[in-house]
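Below is one structure, written out as structure tokens, with a few remarks after it.
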Amino acid sequence: MKEKILNGKKIGMPVLIVSIILYAAAIAGIIYVAVTSPEDTIGNVPLFAVCIAYILVGWIVFPGLKVLKPSEALVLTLFGKYIGTLKGEGFYFVNPFCTAVNPAANTRLGQSGDVKTVSAVSLSKDQTGAVNVESMSKKLSLKIMTLSNNRQKINDCLGNPVEIGIAVTWRIVDTAKAVFNVDNYKEYLSLQCDTALRNIVRVYPYDVAPNVDTTGDGIADDGSLRGSSDIVANRIKDEIQARVNDAGIEIVESRITYLAYAPEIAAVMLQRQQASAIIDARKMIVEGAVGMVEMALDRLDKNGTVELDEERKAAMVSNLLVVLCGNRDAQPVVNSGSLY
């Protein structure tokens, strides 16, 4: 299905003015016939019949008047056949027997991301008590919209369950495909977002892991959900775009809005991160302590301050490492006797 734009239809105002004038003329004709003398009534019967007939059928013109605001479109069919799309703001007049089609008119994508259906009997009301029928309109919005689906629990490439959520900005670029190629383009988009997210996330680890290939080139890399969020988001965008081309939808951008380990392993992963941090810190402390001990021994030998045999050097190294690597302040023991 290819989109066809209806041009030359912005004649709504002239048609409306002519219709009102004809209605006024018909009413005036009826009044004229009513006030004429009985002798002239028979001659005015055709005029009276025409005026009555126009008043009865003249309203058929009004359903053909369509008003569109900026970034709105209207897909029209005539007796089941697609005849074209109205795009752009303006006052239009089309065949009164045309029918507007929008299968997703009763479906809205809430800010929470849930796809909800608004029933015709439970329309929302504003603060003034007026019924809001905006969601029931057959017009298609061409604005950039945001879909924020619910968070999903997905296993990463290492099998760890993670919770992730994305926000996708999208818009309709082909109204005919959006209306006729899929049953409900909003629900279709929501489902494809979930599927694409699952397919991409399971390729990456949550954090950098050795011997993991995330690009498919056979070479291990440092890609991860936490450290390569922009790359992951772009891959998700491309995956969704490939799936929704047939629906006439363009994916403008996708972003990761939430990323965390699943609650059942969050505590264990936190302990793992803490243990890794402690090991790294201890490693740095030991390396620094060994360097300080070597420097102390070299300075003592160079200056000739004191001569130590191998046994005393070993004892000194042991004591210095205990002092430098310990978690608590050292408690010195004073030797008041001889060295030996």
Side-chain angles (χ1 to χ4, degrees), residues 109 113-115 144-174 177-178 181-182 185-284 287:
L109 300 180
D114 295 331
V115 177
I144 296 178
M145 292 174 282
T146 301
L147 170 64
S148 179
N149 271 2
N150 290 333
R151 300 171 185 170
Q152 290 194 70
K153 184 184 294 185
I154 307 172
N155 290 341
D156 65 2
C157 68
L158 300 179
N160 299 321
V162 298
E163 288 187 349
I164 186 170
I166 60 171
V168 178
T169 54
W170 61 281
R171 63 184 173 188
I172 297 175
V173 294
D174 192 311
K177 288 183 178 180
N181 282 11
V182 294
Y185 62 87
K186 291 183 180 180
E187 292 181 353
Y188 180 80
L189 173 64
S190 178
L191 177 61
Q192 297 306 322
C193 287
D194 291 343
T195 304
L197 177 64
R198 186 172 296 275
N199 289 342
I200 298 300
V201 169
R202 67 185 183 183
V203 177
Y204 289 84
Y206 179 87
D207 212 341
V208 176
N211 301 322
V212 174
D213 175 24
T214 63
T215 58
D217 57 1
I219 302 175
D221 52 69
D222 295 334
S224 66
L225 296 175
R226 189 171 66 90
S228 308
S229 58
D230 290 339
I231 297 176
V232 176
N234 288 331
R235 290 191 63 179
I236 294 173
K237 172 190 172 183
D238 295 338
E239 179 83 6
I240 299 173
Q241 184 64 72
R243 294 172 177 270
V244 300
N245 280 329
D246 291 338
I249 295 175
E250 177 191 0
I251 306 300
V252 179
E253 185 184 33
S254 66
R255 290 293 178 186
I256 296 176
T257 57
Y258 181 84
L259 178 63
Y261 281 114
E264 56 267 25
I265 67 166
V268 177
M269 288 301 176
L270 179 60
Q271 292 178 357
R272 178 181 176 182
Q273 292 176 356
Q274 291 174 343
S276 178
I278 292 174
I279 291 174
D280 292 340
R282 288 294 181 186
K283 181 179 179 181
M284 184 178 297
E287 289 178 353

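Residues take their numbers from the sequence shown, with the count starting at 1.
- Taking all atoms of both residues into account, the shortest heavy-atom contact from P205 to C157 is N-SG, 3.3 Å.
- Between I249 and W170, the closest heavy-atom pair is CG2-CE3, 3.8 Å.
- Residues V203 and R235 meet the side-chain proximity criterion, which asks for heavy atoms closer than 4.5 Å.
- When side chains are defined from C-beta on, T146 does not count as touching V168, because their heavy atoms never get closer than 4.5 Å.
- We find the CZ-SG distance between R198 and C193 to be 13.5 Å, quoted to the nearest 0.5 Å.
- Using modelled atom types, no side-chain atom of D194 and backbone atom of N149 make a donor-acceptor pair closer than 3.5 Å.
- D238 contributes atom CG, which lies 8.0 Å from atom OG of S254 (distance to the nearest 0.5 angstrom).
- Note that CD of E253 is 5.0 Å distant from OG1 of T169, once rounded to the nearest 0.5 Å.
- Rounded to the nearest 0.5 Å, atoms CG (L259) and CG (L225) are 5.5 Å apart.
- The two residues S228 and G223 make their nearest non-hydrogen contact at OG-CA, 3.6 Å.
- Scored by the side-chain contact (heavy atoms from CB on, under 4.5 Å) test, D174 finds E3, A176, K177 as partners (sequence neighbours excluded).
- The side-chain contact (heavy atoms from CB on, under 4.5 Å) check on S229 picks up I256, with sequence neighbours excluded.
- Atoms CD1 and CD1, on I200 and I236 in that order, are 6.5 Å from each other to the nearest 0.5 Å.
- The side-chain heavy atoms of N245 and E250, taken from C-beta on, include no pair separated by under 4.5 Å.
- Taking 4.5 Å as the limit, every side-chain heavy atom of V182 sits out of range of all side-chain heavy atoms of L189.
- Of all the heavy atoms in K153 and E163, the pair that sits closest is CE-OE2, 4.2 Å.
- At a threshold of 4.5 Å between non-hydrogen side-chain atoms, the residues Y206 and N160 do not count as touching.
- Residue D222 holds its CG atom at 8.5 Å from OG1 of T214, rounded to the nearest 0.5 Å.
- Minimum interatomic distance between S224 and D207 (heavy atoms only, all atoms of both residues): CB-C, 3.5 Å.
- Minimum interatomic distance between I251 and K237 (heavy atoms only, all atoms of both residues): O-CE, 3.3 Å.
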**Asked** Under the side-chain hydrogen bond (donor to acceptor under 3.5 Å, both in side chains) criterion, do T215 and D213 qualify, and how do the steps go?
**Response** CA-CA 6 Å; T215 58; D213 175 24; 3.3 Å; yes

